[in-house]
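Read the numbers this way: they start at 1 and go in the same order the structure lists the ligands and their atoms. Positions are given from 1 along the sequence.
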Amino acid sequence: MSTIAVRLAEVHARIEAALSASGRDPRSSGVRLVAVSKRHPPEAIREAYAAGQRAFGENYAQELESKAAALRDLVDIEWHFIGHLQTNKARVVAPIACIVHTVDSTYLAKELARRATSAPANRSRLEVLVEVNVSGEARKSGVSPQDLEEVLAAVEAAPVLSLRGLMTMPPFGDPAAARSIFSTLASIRNLHGGAPRLPDLSMGMSDDLELAIHAGATLVRIGTAIFGSRA
Ligand SMILES: *Cc1c(COP(=O)(O)O)cnc(C)c1O
């Protein structure tokens with residue numbers, strides 16, 4: 001097995017262990033693994049794909065565009081856009097991504113809807129998560145909890161978009177903060193219709209995926225633990 005295949009298997013084992021440790025049934029309450037491939041070459045993605053991985057996360061519109069072109073023979077690959085998205089890049093991302101994790105304004109939601117009319121073969125509507133700024137840090141992207149409902153409504157109003165849930169990112173290197181931010185995101189979901197309206201919670205990275213799964217994550221975004229450190 002390649003290094004990437006071994007690491008993927010390790011991450012799957014961590015996910016399953018975290019699911020059972022937190023009393024979630026690994027078969028019914030699925031957690032999907034998004035392999036974050038930013039700043040790793042297309043060959044690394046091919047290796048993960050060969051090991052069965054299909055969902056890949058990218059942070060930068062141009063990098064997504066060039067990798068999607070280089071890997072267009074992998075017809076069932078599923079691109080997740082997970083970086084901060086400037087409105088003027090919606091036209092690049094919307095026709096490629098299956099899911100955007102980082103919608104943080106009504107304006108961006110509308111722009112994605114306008115640009116999502118062309119789509120990859122394995123997608124109909126563009127799935128959307130709304131990024132919430134739970135900690136209130138000024139430098140973080142994401143919509144404030146007070147403005148969340150307005151953005152959710154804007155996504156639901158666009159027939160070409162499909163509202164899937166919420167995403168958040170804790171401050172770097174602070175596991176105690178991460179724990180409380182993840183559980184706050186789960187509470188915020190409950191204030192806005194719960195799992196029936198917002199089935200997915202995108203939270204958890206290489207260092208804190210167990211905390212996120214414990215708090216109810218359904219999408220974990222894992223880079224370093226699969227691909228190694230970034231250049
Ligand atoms: C880079 C990145 C990740 C992956 O982080 P790792 O610590 O390498 O697992 C996850 N989510 C977002 C939004 C990122 O930018």
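There is a side-chain donor-acceptor pair under 3.5 Å between Glu47 and Ser2.
For the pair Asp207 and ligand 1, no heavy-atom separation below 4.0 Å is found.
A continuous path of Ile, Leu, Val, Met, Phe, Trp and Tyr side chains, each step under 4.5 Å between heavy atoms, connects Leu152 with Leu201, placing both in one hydrophobic cluster.
At the shortest separation from atom 8 (O) of ligand 1 among protein heavy atoms lies Thr224 OG1, 2.5 Å. Here the heavy atom of the protein found nearest to atom 10 (C) of ligand 1 is Met205 SD, 3.2 Å. The shortest contact between atom 11 (N) of ligand 1 and any protein heavy atom is with Arg221 NE, 2.9 Å. Nearest protein heavy-atom neighbour of atom 12 (C) of ligand 1: Ile82 CD1, 3.6 Å. Nearest to atom 9 (O) of ligand 1 among the protein's heavy atoms is Ser206 OG, 2.5 Å. Nearest non-hydrogen protein atom to atom 13 (C) of ligand 1 is Met169 SD, 3.2 Å.
Ionic pairing of Arg7 and Glu10 is not present here: no N-O contact between side-chain nitrogen and carboxylate oxygen is shorter than 4.0 angstrom.
Summarising the local packing, CZ of Arg179 is surrounded by 12 or fewer heavy atoms from other residues, nucleotides or ligands at distances under 6.0 Å.
The part of Arg230 lying near ligand 1 is the side chain, judged by heavy-atom distances below 4.0 Å. At a heavy-atom distance under 4.0 Å, only side-chain atoms of Asn59, from C-beta outward, approach ligand 1.
For atom 14 (C) of ligand 1, the candidate residues are Lys38, Glu131, Arg39; the nearest heavy-atom contact is made by Lys38.
Rounded to the nearest 0.5 Å, atoms CD1 (Ile45) and NZ (Lys67) are 4.5 Å apart.
For the pairing with Pro170, the side chain to side chain contact (heavy atoms under 4.5 Å, CB included) check across Thr184, Asp207, Leu211, Ile181 returns one residue only, Ile181.
Contact check for Ile99 versus Leu219: side-chain heavy atoms found under the 4.5 Å cut-off.
Looking at Gly223 next to ligand 1, an N or O pair under 3.5 Å apart turns up.
Atoms of ligand 1 lying under 4.0 Å from any heavy atom of Ile222, numbered from 1 in the order shown and given with element: 9 (O).
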> Between Glu78 and His80, does a side-chain hydrogen bond (donor to acceptor under 3.5 Å, both in side chains) hold up when you go through it step by step?
Replying inline: CA-CA 7 Å; Glu78 193 182 298; His80 291 231; 2.8 Å; yes
